[in-house]
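Have a look at the structure below before the remarks.
We name chains A, B, ... by the order of the sequence lines, and we start the count at 1 in each one.
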Amino acid sequence: MSEVLPQSFYARDALEVAPQLLGKLLCRDGVVLRISEVEAYCHPDDTASHCRMGRTARNAPMWGPPGHAYVYLCYGLHQMLNLVTNREGEGAAVLIRSCEPVAGHDIIRARRGGIEGPNALTGPGKVGAALGLHTRCSGSPLFDANDLYVLDAPEPREWLVGPRVGIGYATPEHQRAPWRFALHESPWVTQRKTLTRVSAGASRTRKARAR
DNA sequence: TCTACGATCTTT
DNA sequence: AAGATCGTAGAT
C-alpha cells in the first residue's frame, strides 16, 4: 500500500520536488489522478511567480509552510492547483499541469462535461475541474488523508524537461528556464514539442556539477 | 473606486 | 484568432 506523502517531502526546493511529483497520485473525494506534468515556481525572484509582487492575501499559502495547497482563479474560470514547497517564508510551489485519470472516471466525466481521453486532463484548469477544486481549498494541508492528498509512488527514472507555459510577462531568462517536467511515456502532457528527454541520473549529475 | 490583465480552454 | 469571465494588483 502506498503512503500519503509526508510534509517533509515538500520541504525541499521546488526544482527538486517537481520531477519527483511525476507519477504520484493526487486524491480527493473518490477521484485519483496520476501526476504527469508539473511546473516549478521557485522563489520570489522568479519573475513568472505569483510571489514576485510580495506577499498578498491570494498568494499567502505560497509563503506558508510546505505541503499545503495553493489554489487560485485564472482567467476568471480555472481553478489552478499548486503544491507549496520549500520552507515557510520562501515563497515557492509546484503547479500541477496535467494528470492521467486512475479512479473516479464517472465523477471526472460529470465534472468535465462528458469529455474523456487524454484531452480531458491535459492542462491545469482541467485538473482543477476534475478534482472539483475551488479557491476555498487554498491553504489546505496535503499530508493528511482527509480532503486533498498525494500518495507516494516510485520515482520515474527519466522524464521530459522544458520551458514553462503561459508566462509571457516574465523576463526572457525566466521564460526560457527549463522548469517544466513531464512523464515521457504519458499522453497526458501539453506542448510536447518544447520538451526534451533527460534521466534522473543526468539531472543529479548536472546539479552536482553546478555546486 | 477604476482598469487591465492573467501560470487557460473552447470555439470559430 | 478571439471570447468567456472575474478576482487581483496596481494605479487613481
Quick check against the 3.5 Å criterion: does Q175(A) have a side-chain atom that pairs as donor or acceptor with the backbone of G168(A)?
yes
[X] [atom1] - [N] [atom2] separation (whole Å):
| X | N | atom1 | atom2 | answer |
| --- | --- | --- | --- | --- |
| I167(A) | dA7(B) | CD1 | P | 9 Å |
| L95(A) | dG6(B) | CG | C1' | 13 Å |
| E37(A) | dA7(B) | CD | C1' | 11 Å |
| M80(A) | dA7(B) | CE | P | 7 Å |
| D46(A) | dA7(B) | CG | C1' | 10 Å |
| N119(A) | dT10(B) | CG | P | 6 Å |
| R111(A) | dC9(B) | CZ | P | 17 Å |

Any idea which heavy atoms bring [X] and [Y] closest together, and the distance?
| X | Y | value |
| --- | --- | --- |
| E16(A) | Q20(A) | O-CG, 3.6 Å |
| V71(A) | H134(A) | CG1-O, 3.6 Å |
| L183(A) | I35(A) | CD1-O, 3.6 Å |
| V189(A) | R192(A) | CG1-CG, 4.3 Å |

Short side-chain N/O contact from R112(A) to OP1 or OP2 of dT10(B), under 4.0 Å
yes
Looking at dT8(B), I'd like to know if its phosphate oxygens (OP1 or OP2) sit under 4.0 Å from a side-chain N or O belonging to R97(A).
yes
Using a 4.0 Å cut-off on protein heavy atoms (strictly under), produce a 5'-to-3' string for nucleotides 3-12 of chain C with B for base contact, S for backbone-only sugar-phosphate contact, and - for none.
-BBBSSSS--
Identified side chain to side chain contact (heavy atoms under 4.5 Å, CB included) partner of Y149(A) from the options C27(A), P141(A), S140(A)
C27(A)
Worked check of side-chain contact (heavy atoms from CB on, under 4.5 Å) between N86(A) and D13(A)
CA-CA 5 Å; N86(A) 294 62; D13(A) 281 351; 3.2 Å; yes
Give, ordered by number, those residues of residues 181-196 of chain A having at least one heavy-atom distance below 4.0 Å to an atom of DNA chain C; if nothing qualifies, reply none.
none
Side chains of T190(A) and E37(A): any donor to acceptor distance under 3.5 Å?
yes
SB check R111(A) D29(A) (cutoff 4.0 Å):
yes
Does a side-chain N-to-carboxylate-O contact under 4.0 Å join D46(A) and R52(A)?
no
Would you call the rings of W179(A) and H174(A) parallel, tilted or perpendicular, where under 30° means parallel and over 60° means perpendicular?
tilted
For DNA chain B, what is the dot-bracket line, given that a base pair needs Watson-Crick (N1 to N3, plus N6-O4 or O6-N4) or G-U wobble (N1-O2 and O6-N3) geometry with both distances under 3.5 Å, and | means paired with another strand?
||||||.||||.
When the C1' atoms of dA2(C) and dC5(B) are considered, how many whole Å apart are they?
15 Å
